[in-house]
**Q** 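First the structure, which I've put down as structure tokens, then a few questions once you've had a look.
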Amino acid sequence: MNAYIETFGCQMNERDSEILAHLLGRAAYQQTSTIDDADLVLINTCSIRGKAEQKAMSLLGRLAIRKKKEPRLKIVVAGCVAQQEGQRIIDRVPQTDLVIGPQEIYRLPEYLDKVVRSGKSLVANDLVDRFKIPDLGHVSPAPAASRFLTIMQGCNNFCTYCIVPYTRGRETSRPVADITAEARKMIDSGTSEITLLGQNVNSYGLDRGEENAFPTLLRRVASLPGLRRLRFTTSNPKDLSPTLMACFRDLDNLCPWFHLPVQSGSDRVLRRMNRKYSRREYLDRVAGLRDACPEIAITTDIIVGFPGEEEPDFADTMRLVQTVGYHSAYSFKYSPRPGTVAAGFDGMIEEEEKSRRLALLQSRQNEITLAVNRGYEGGEVEVLVEGTGRDPGQWRGHSRHNVVVNFTADAPVAVGDYCRVRVVQGCMNSLRGEKI
Ligand code: 5AD
Ligand code: SF4
């Protein structure tokens, strides 16, 4: 039997989908890359913004229609929408066989079996406080040069716009031994780049009462033989410590890239977002990082049109992106999420006004990104080859600064190779170059 997985949302979800693919394999499903061939379709959903949720729900709607003609089709909804909506998904789309939250995915084969035996739909979305991620570390649908490794689940920050604390529960850190064992298995299978994942990696270990455990973990993982590149994401600026900054000075294989979501450049908005840092503190952290590692590439996330954001607040954000000079930024229109504090705030901004601010911000950031990328022209970068590029004869991968590089090569190149590439052109979303 064939299974098709569609993944929305963050890297955490991508990693969960790898685990789901492995578990489907145990339940005798092979992965297929064409949805029409599938006997089972699993949608791994994201609820971070309304749009992500709508995309998943419209795919579910199309599958429900198909199932009317093809009753044997199994439909599974996983991820954050599954967690949040639970039974309501089955009420709306009764063709759904299984709704399974992020903490429950490890029991997928058991639940599938139940569904098949009973012929009835099932909802599994329990959320517990001290969730232990089972040790499925080595599992992977295929060997890969670059892999994600989840080090913790959940979030305790309760930023007023964010749904994650409600869908992924409280912070729970995996034991250091589990993480290093998993990293070792990945390296043994041919992985040379690992990205450690968590909603807020800086609070790794705090749930066990350990202060500043993340820099220690980082040093442990960095010291594993065979690991050529180490990255992590995401960090809340409020907890970014000097000890973590120092890692960028000391660890050769820790890549010079830091994703530091700012969300807004206005102190008033940051307070209403419950971010627990000020614009000044944020800029100080940026300066600290650059002091530890002058070449570090900083990227960010920004929300425009948060309730009550006025013109001067937005101007503060525009000035901040200029001041920091981000390598790139993900920016979004504020989307009210059910159950979050901000969804009940006064001062909702009109959709049209949000779009106007987003367009202004994105065009400013695009200019900055282009200037940063042009700055690489004529220089050399190291690329981990991930696949073929857009044009024929081209290869593609990321630089140590996490910039996409497309390049040509005279000699043979294989996925997983590290190539030195001369940058010929800096474009908006990538660099173009030639293998040296
Ligand atoms: N509306 C818009 N953007 C949001 N994000 C999180 N919640 C919302 C929301 N309700 C953005 C933040 C976060 C990124 C992953 O998504 O910028 O860092
Ligand atoms: Fe989306 Fe957040 Fe869930 Fe990731 S954790 S899938 S970004 S809602």
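By convention here, the first residue in the shown sequence is residue 1. One-based numbering, in listed order, for ligands and for the atoms of each. The shown structure was predicted, so the numbers you read here are calculated from the model rather than taken from an experiment.
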**Q** Which atoms of ligand 1 sit under 4.0 Å from any heavy atom of D301?
**A**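 Listed by number with element, the hits are 13 (C), 14 (C), 15 (C), 17 (O), 18 (O).
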
**Q** Taking heavy atoms and a distance under 4.0 Å, where does F332 meet ligand 1: side chain, backbone, both or neither?
**A**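 It is the side chain that gets close, since no backbone atom is under 4.0 Å.
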
**Q** I need the atoms of ligand 1 closer than 4.0 Å to a non-hydrogen atom of K333, numbered in the order shown.
**A**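 Within the 4.0 Å cut-off of K333, ligand 1 contributes 1 (N), 2 (C).
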
**Q** Please list, chain by chain and in numerical order, all residues satisfying side chain to side chain contact (heavy atoms under 4.5 Å, CB included) with S146, sequence neighbours excluded.
**A**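 Expected list: E193, L384.
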
**Q** With a 6.0 Å cut-off on the ring centroids, do Y326 and F258 count as close?
**A**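 Not under 6.0 Å, so no.
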
**Q** May I ask you to check whether S335 has an N/O atom sitting below 3.5 Å from an N/O atom of ligand 1?
**A**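 Yes, there is a polar N/O contact under 3.5 Å.
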
**Q** Using a heavy-atom cut-off of under 4.0 Å, does the side chain or the backbone of I48 touch ligand 1, or both, or neither?
**A**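 The part of I48 near ligand 1 is both the backbone and the side chain.
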
**Q** List the residues meeting side chain to side chain contact (heavy atoms under 4.5 Å, CB included) with R228, not counting sequence neighbours, and say none if there are none.
**A**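 Side chain to side chain contact (heavy atoms under 4.5 Å, CB included) list for R228, sorted by chain: S192, E382, Y418.
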
**Q** Quick one: does R49 get an N or O within less than 3.5 Å of an N or O on ligand 1?
**A**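 Yes - when backbone and side-chain N and O of R49 are compared with those of ligand 1, one distance drops under 3.5 Å.
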
**Q** Just do the side-chain contact (heavy atoms from CB on, under 4.5 Å) check on L260 and T299 with the steps written out, would you?
**A** CA-CA 6 Å; L260 194 61; T299 56; over 6 Å; no

**Q** What I'd like to find out is whether the side chain of H259 reaches to under 4.5 Å of the side chain of S235, using heavy atoms alone.
**A**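 Side chain of H259 against side chain of S235, heavy atoms only: no contact under 4.5 Å found.
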
**Q** Tell me whether R357 is salt-bridged to E353, with the criterion being a basic N under 4.0 Å from an acidic carboxylate O.
**A**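 Result for this pair is yes, salt bridge flagged.
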
**Q** Which atoms of ligand 1 sit under 4.0 Å from any heavy atom of Q263?
**A**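 Checking each atom against Q263, I get 12 (C), 13 (C), 17 (O), 18 (O).
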
